[in-house]
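For reference, the structure is listed below as structure tokens.
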Amino acid sequence: MPELPEVETIARGVDARVRGDRIAEAWFSTYREPFKTPAERQAKGLEGRSFLAVHRTGKHIVCELSAAQWTPQSAADGARPAPDAQWIVHLGMTGRLLLTTPNEAVVKHTHARLRLESGREIRFVDPRRFGRLEFRELKAGDGFRGAGQEPLTIDAASFRSLFRGRKLAIKAALLNQSLLTGVGNIYADESLFRAGIRPRRQAGLLTRTELERLRKELSVVLEHAIQLGGSSVSDYVDANGVRGFFQLEHCVYMRTGEPCRRCRTPIKRILLAGRGTHFCPTCQV
DNA sequence: CATTTCACCTGGTGGC
DNA sequence: TGCCACCAGGTGAAAT
């Protein structure tokens, strides 16, 4: 489900609710697939640790943890301990991270439950099991880092250099997480529409002007989507179970055959890099 | 190395 | 109602 705006929305929601809270007990399902770290090791590492902060890196939700006791209300910022571990959540296609109470019914495909001392509970639910959970102890401040650059902060020159000399289609390049991190199928299609660029165009042959337009439009569309709480295409909800509204603003994604919002030409769907790809044959050249 | 294809999963939808 | 094909927000391994 989740691309940068959805992950950002979820991370913010979780952060606001769990800062300073301590994990009393961690439970994991017996499925092996979602765990990059074995369940027992994750549970052991998580139990007793407190949340310092939760933030987004690319499509990953990164929870900064500390074994030291810490209460945000009573401690000055300087007194906040350095993180000594991280819990890293990748939601895959259908993953959800929900804040609940312990007595709420446990839905099918729940793979992790973290009971917190405040009485809240964090649940990881993922029907397709493409999501991944990882626990890592931090050695000398070497936190998790995505391979690619953040699309919201990258400058024009760095953005251009990502695509220089590349023969693959610009859409495929946008989806490559070791170039840019956080862009997925929805926002690749939407940003290319807004920049007026066909998805099949060779990345290395785009002009400087086109690339700068793409960088700006990508940033604008991601920011706008964050404002609206992300896109709820099927069952995406934020940490509080609230749906996003950006799907109402989609210009091309999943609008095959519907009229372009700008020129009324029917939106076309092709297969590119194995993904459904949507564009306006008139507005995008 | 760069690029493409496919497997990994479950569930929803639409055609017959 | 059932069966089946196809589609879905992602990625990483294997093939080219």
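Letters A, B, ... are given to chains in the order of the sequence lines, protein chains preceding strands, and every chain is numbered from 1.
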So salt bridge (charged side-chain N to carboxylate O under 4.0 Å, His left out) across residues 197-211 of chain A, not counting sequence neighbours, yields R201(A)-E210(A)

Salt bridge (charged side-chain N to carboxylate O under 4.0 Å, His left out) partners of residues 182-191 of chain A, not counting sequence neighbours, each pair once: K171(A)-D189(A)

Mind checking what makes salt bridge (charged side-chain N to carboxylate O under 4.0 Å, His left out) contact with R194(A), not counting sequence neighbours? E217(A)

Secondary-structure string, 5' to 3', Watson-Crick or G-U under 3.5 Å, | for another-strand partners, for DNA chain C: .|||||||.|||||||

Looking at N185(A) and G276(A), would you say the former's side chain and the latter's main chain have a donor-acceptor pair under 3.5 Å? yes

What N/O pairs connect the protein and nucleotides 11-15 of chain B at under 3.5 Å? Give each pair on its own line.
{"from": "dG11(B)", "atom 1": "OP1", "to": "K108(A)", "atom 2": "NZ", "distance (Å)": "3.4"}
{"from": "dG11(B)", "atom 1": "OP1", "to": "H109(A)", "atom 2": "NE2", "distance (Å)": "2.7"}

Roughly how far apart, to the nearest Å, are dG12(C) and dG11(B) at atom C1'? 23 Å

Quick one: H111(A) NE2 to dT10(B) C1', roughly how many Å, whole number? 10 Å

Give me the ring orientation class for H111(A) and F124(A): parallel if the planes are under 30° apart, tilted from 30 to 60°, perpendicular past 60°. tilted

Suppose we screen for salt bridge (charged side-chain N to carboxylate O under 4.0 Å, His left out). Which residues come up paired with E104(A), at least two apart in sequence or across chains? none

Rounded to whole angstroms, how far apart are CD1 on I186(A) and P on dG9(C)? 7 Å

Taking NZ from K59(A) and P from dG9(C), how many angstroms apart are they, rounded to a whole number? 10 Å

Using a 3.5 Å distance criterion without hydrogens, assess whether the side chain of Q86(A) forms a donor-acceptor pair with backbone atoms of F135(A). no

Side chains of H55(A) and E64(A): is there a donor and an acceptor less than 3.5 Å apart? yes

Give the residues of residues 251-261 of chain A touching DNA chain C, defined as any heavy atom closer than 4.0 Å, sorted by residue number. Y253(A), M254(A)

Can you tell me the distance, in whole Å, between the CZ atom of R275(A) and the P atom of dC6(C)? 18 Å

Report the distance from atom CZ of F246(A) to atom C1' of dG9(C), rounded to the nearest whole Å. 14 Å

Verify, without hydrogens or angle tests, whether K268(A) (side chain) and T256(A) (backbone) share a donor-acceptor contact under 3.5 angstrom. no

Remember a base hit wins even if backbone is also touched, and classify G184(A) as base, sugar-phosphate or nothing at under 4.0 Å, heavy atoms. sugar-phosphate

Between dC6(B) and dC6(C), how far is it from one P atom to the other, in whole Å? 14 Å

Can you sort out which residues in residues 167-181 of chain A have a heavy atom within less than 4.0 Å of DNA chain C? Ascending by number, please. Q177(A)

With sequence neighbours excluded, give me every salt bridge (charged side-chain N to carboxylate O under 4.0 Å, His left out) pair touching residues 118-127 of chain A. R113(A)-E121(A), E121(A)-R123(A)

Can you tell me the distance, in whole Å, between the CZ atom of R132(A) and the P atom of dT11(C)? 11 Å

E258(A): which residues meet the salt bridge (charged side-chain N to carboxylate O under 4.0 Å, His left out) condition with it, sequence neighbours left out? R255(A)

So, the side chain of R261(A) versus the backbone of H250(A): is there a donor-acceptor pair under 3.5 Å, distance only? yes

Just how far, in rounded Å, is C1' of dA13(C) from NZ of K36(A)? 14 Å

Taking the six-membered ring for Trp, does F130(A) stack with dT11(C) (centroid gap under 5.5 Å, planes within less than 30°)? no

Can you list the residues that meet the salt bridge (charged side-chain N to carboxylate O under 4.0 Å, His left out) rule with R22(A), with sequence neighbours excluded? E117(A)

Between CZ of R129(A) and P of dT10(B) the distance, given in whole Å, is 5 Å

Is there, by distance only and without an angle test, a donor paired with an acceptor across the side chain of R166(A) and the base of dA2(B) below 3.5 Å? no

Using links of under 4.5 Å between side-chain heavy atoms of ILVMFWY residues, direct or through other members, which residues join I267(A) in one cluster? F193(A), V252(A)

Rounded C1' spacing from dT11(C) to dG12(B) in Å: 22 Å

